[in-house]
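Input: a single structure, listed below in structure tokens.
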Amino acid sequence: MPELPEVEVTRRAIEPRAVGRRIVALRSRDPERYPHLERAQDRWILELLRRGKFLLFRLSGGLWLVVHLGMSGGFRLQQTPHTRVVFELDDGALYFHDPRRFGRIWLVADPAEVPLLARLGPEPTDAAFDAEYLYQRLRASRRPVKALLMDQEVVAGLGNIYADEALFRAGVRPTRRGHRVTRKEAERVVEAVRQVLAEALKAGGSTLKDGSYRRPDEKIGYFQLAHAVYGRQGEPCPVCGTPVRRTRIQGRSAHYCPRCQR
DNA sequence: ACGAGTACCTGGCAGC
DNA sequence: TGCTGCCAGGTACTCG
């Protein structure tokens with residue numbers, strides 16, 4: 001559930017509590033799902049990075065602890081009913097909380113061993129994610145443009161919320177096939193993706209009605225208040241007043257304004 | 001090769 | 001109140 005802004009908010013929140021600390025133990029009651037955690041024991045956390053929706057802890061001794069939060073995962077400063085892994089540090093603890101258990105943890109010598117991580121497309125803020133790049137990727141596909149934006153191999157970090165919001169800002173209907181998107185529109189999409197992610201990060205991410213995403217200190221994000229279309233089917237488009245529509249793309253809900261987005 | 005559908009999990013909520 | 005069905009921020013797999 002967490003998309004790039006939520007993962008980055010999480011990274012920033014736990015970085016000061018994690019980096020420079022020694023891992024005393026990683027404890028889980030589900031070793032099938034979270035294997036080999038003992039390998040992290042007694043290592044120092046040297047750095048905490050984010051790539052797309054992955055968090056990467058660089059540990060001493062050439063080991064990486066890679067975490068994907070899945071749909072409902074997050075780090076907490078306190079134990080919760082859905083704590084799955086306790087990060088016991090020399091100076092406190094962090095709790096990996098994940099009600100739906102879609103989150104994953106890997107301990108690897110090289111982050112490239114994590115399958116999807118190795119194939120990720122550019123970060124949205126990277127210069128490599130430009131209009132020419134996106135135009136070429138879209139042009140080569142008949143998939144709906146929204147499916148392409150959510151494809152982590154095209155660009156890393158966008159999920160259902162921010163793909164809808166970016167396409168709204170760019171004025172491109174999510175159902176439009178990639179090869180039908182013009183160069184000019186690709187330019188607008190790149191700009192819209194960058195803007196929407198930057199604003200969401202500034203707002204602390206999006207906390208939906210179910211409240212599943214929260215910062216480690218349990219505080220909520222506020223970007224949901226700025227959503228123009230996501231979750232607003234039937235409500236007036238903030239630009240033209242036409243009711244927002246919901247449809248389905250790749251089995252996921254997609255929201256758009258039928259007037260502003262063609 | 002691509003794309004649609006389904007599986008993995010649990011919880012919240014609307015509707016009856 | 002209690003039950004049922006539906007929906008959910010993601011990714012991987014299978015099948016046509």
Side-chain angles (χ1 to χ4, degrees), chain A residues 1-11 28-30 32-34 50-55 66-75 80-85 96-106 113-121 124 137-167 174-180 193 196-197 200-201 203-215 220-227 229-234 246-255:
Chain A
M1 28 99 92
E3 303 180 35
L4 189 154
E6 291 77 21
V7 178
E8 181 61 20
V9 168
T10 300
R11 192 196 69 76
S28 164
R29 298 164 66 174
D30 187 354
E32 299 267 309
R33 196 180 297 270
Y34 310 104
R50 181 195 55 73
R51 177 81 172 91
K53 301 173 193 170
F54 291 87
L55 286 169
V66 178
V67 179
H68 194 292
L69 302 177
M71 288 274 263
S72 61
F75 278 93
T80 74
H82 297 109
T83 294
R84 306 300 182 196
V85 180
F96 178 61
H97 157 101
D98 188 16
R100 287 177 73 183
R101 306 182 204 246
F102 287 163
R104 287 288 175 272
I105 298 181
W106 297 262
E113 292 172 44
V114 176
L116 176 56
L117 184 48
R119 308 192 313 265
L120 285 185
R137 293 299 302 246
L138 297 182
R139 209 172 72 135
S141 173
R142 309 179 70 83
R143 298 165 72 188
V145 58
K146 179 175 175 187
L148 290 158
L149 284 186
M150 287 197 300
D151 182 340
Q152 303 300 297
E153 298 184 38
V154 172
V155 57
L158 285 174
N160 212 27
I161 296 177
Y162 300 111
D164 275 358
E165 292 299 315
L167 287 168
T175 50
R176 182 110 61 89
R177 306 277 149 177
H179 69 114
R180 309 298 304 263
V193 164
V196 102
L197 294 177
L201 177 59
S206 299
T207 298
L208 303 184
K209 276 189 286 266
D210 65 10
S212 62
Y213 166 73
R214 292 187 171 247
R215 300 179 179 227
I220 65 172
Y222 291 96
F223 193 70
Q224 67 283 3
L225 302 176
H227 291 175
V229 289
Y230 183 85
R232 299 191 65 244
Q233 58 275 13
R246 178 160 90 153
T247 184
R248 210 150 262 283
I249 295 173
Q250 276 197 164
R252 318 286 308 276
S253 62
H255 313 75

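To find a chain, count down the sequence lines: A is the first, B the second, and so on, and within it residues start at 1.
What separates CG of Leu208(A) from C1' of dC13(B) is a distance of 14 Å, to the nearest Å. Following rounding to the nearest Å, Glu6(A) (CD) and dG10(C) (P) show an atom-to-atom distance of 9 Å. Atom pair His227(A):NE2 and dA8(C):P shows a separation of 14 Å (rounding to whole Å applied). In this entry the distance linking CZ of Arg252(A) with C1' of dA12(C) reads 13 Å, nearest Å. As a whole-Å value, the separation of Arg177(A) CZ from dC2(B) P is 14 Å. If you take CG of Leu148(A) and P of dG3(B), they are 7 Å apart, rounded to a whole angstrom. Atom NE2 in His179(A) sits roughly 15 Å away from atom C1' in dA1(B) (whole-Å rounding). Summarising the geometry, the separation between CG on Asp98(A) and P on dT10(B) is reported as 10 Å, rounded to the nearest angstrom.
Residue Ser141(A) has no polar side-chain atom (N or O) positioned under 4.0 Å from OP1 or OP2 of dA1(B). Residue Ser253(A) has no polar side-chain atom (N or O) positioned under 4.0 Å from OP1 or OP2 of dC7(C). Contact annotation: His82(A) does not reach the phosphate of dC9(B) (side-chain N/O to OP1 or OP2, under 4.0 Å). Residue Arg143(A) has no polar side-chain atom (N or O) positioned under 4.0 Å from OP1 or OP2 of dA1(B). The shortest distance between the side-chain N/O atoms of Thr207(A) and the OP1/OP2 oxygens of dG9(C) is not below 4.0 Å. One finds a side-chain N or O of Arg246(A) lying less than 4.0 angstrom from the OP1 or OP2 phosphate oxygen of dA8(C). An OP1 or OP2 oxygen of dG10(C) is reached within less than 4.0 angstrom by a side-chain nitrogen or oxygen of Lys53(A).
His255(A) contributes atom NE2, which lies 5.5 Å from atom OH of Tyr230(A) (distance to the nearest 0.5 angstrom). Rounding to the nearest 0.5 Å places CD1 of Ile105(A) at 7.5 Å from OG of Ser28(A).
Tested against Phe96(A), the residues Thr80(A), Thr83(A), Val67(A) include a single side chain to side chain contact (heavy atoms under 4.5 Å, CB included) partner, Val67(A). Checking each of Glu3(A), Glu6(A), His227(A) against Tyr162(A) for a side chain to side chain donor-acceptor pair (under 3.5 Å) leaves exactly one that passes, namely Glu6(A).
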Next on the checklist: Under the criterion side-chain contact (heavy atoms from CB on, under 4.5 Å), I'd like the reasoning laid out for His97(A) against Phe75(A): C-alpha separation, chi angles, the key distance, then a yes or no.
Outcome noted: CA-CA 6 Å; His97(A) 157 101; Phe75(A) 278 93; over 6 Å; no
Next on the checklist: One pair to check against side-chain contact (heavy atoms from CB on, under 4.5 Å): Asp98(A) and Tyr34(A). What are the steps and the verdict?
Outcome noted: CA-CA 12 Å; Asp98(A) 188 16; Tyr34(A) 310 104; 4.3 Å; yes
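At a cut-off of 3.5 angstrom, the base of dC9(B) holds no donor-acceptor pair with the side chain of Arg101(A).
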Item to check | Pair assignment for DNA chain B - dot-bracket with | for other-strand partners, Watson-Crick or G-U under 3.5 Å | outcome: .|||||||.|||||||
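If you check dG9(C), dC9(B), dA12(C) against the side chain of Tyr213(A), the one that comes closest is dG9(C). With distances taken from any side-chain atom of Arg248(A) to the nucleotides dA8(C), dG11(B), dT11(C), the minimum falls on dA8(C). Each of dT11(C), dA4(B), dC9(B) was ranked by its minimum atom distance to the side chain of Gln250(A); first place goes to dA4(B). Looking at the side chain of Ile161(A), the nearest of the listed nucleotides dG9(C), dG10(C), dG3(B) is dG9(C).
A donor-acceptor pair under 3.5 Å is formed between the side chain of Arg248(A) and the backbone N or O of Gly251(A).
Nucleic acid contact class of Gly251(A) (heavy atoms, under 4.0 Å, all strands): none. In this structure, Arg142(A) reaches the sugar-phosphate backbone alone: every heavy-atom distance under 4.0 Å involves primed, P, OP1 or OP2 atoms, never a base. Across all strands, Tyr162(A) comes closer than 4.0 Å to no nucleic acid atom at all (heavy-atom distances).
Classification of Asp164(A) and Lys146(A) as a salt-bridged pair holds, one side-chain N sitting under 4.0 Å from a carboxylate O.
Comparing the P positions of dT4(C) and dC9(B) gives a spacing of 22 Å, expressed to the nearest Å. Rounded to whole Å, the separation between the C1' atoms of dG9(C) and dG3(B) comes to 22 Å.
Here Phe102(A) lies parallel enough and close enough to stack on the base of dG10(C), with planes under 30° and ring centres under 5.5 Å apart.
Partners of Arg104(A) according to the side chain to side chain contact (heavy atoms under 4.5 Å, CB included) rule, which considers only residues two or more places apart in sequence or in another chain, are Arg33(A), Trp106(A).
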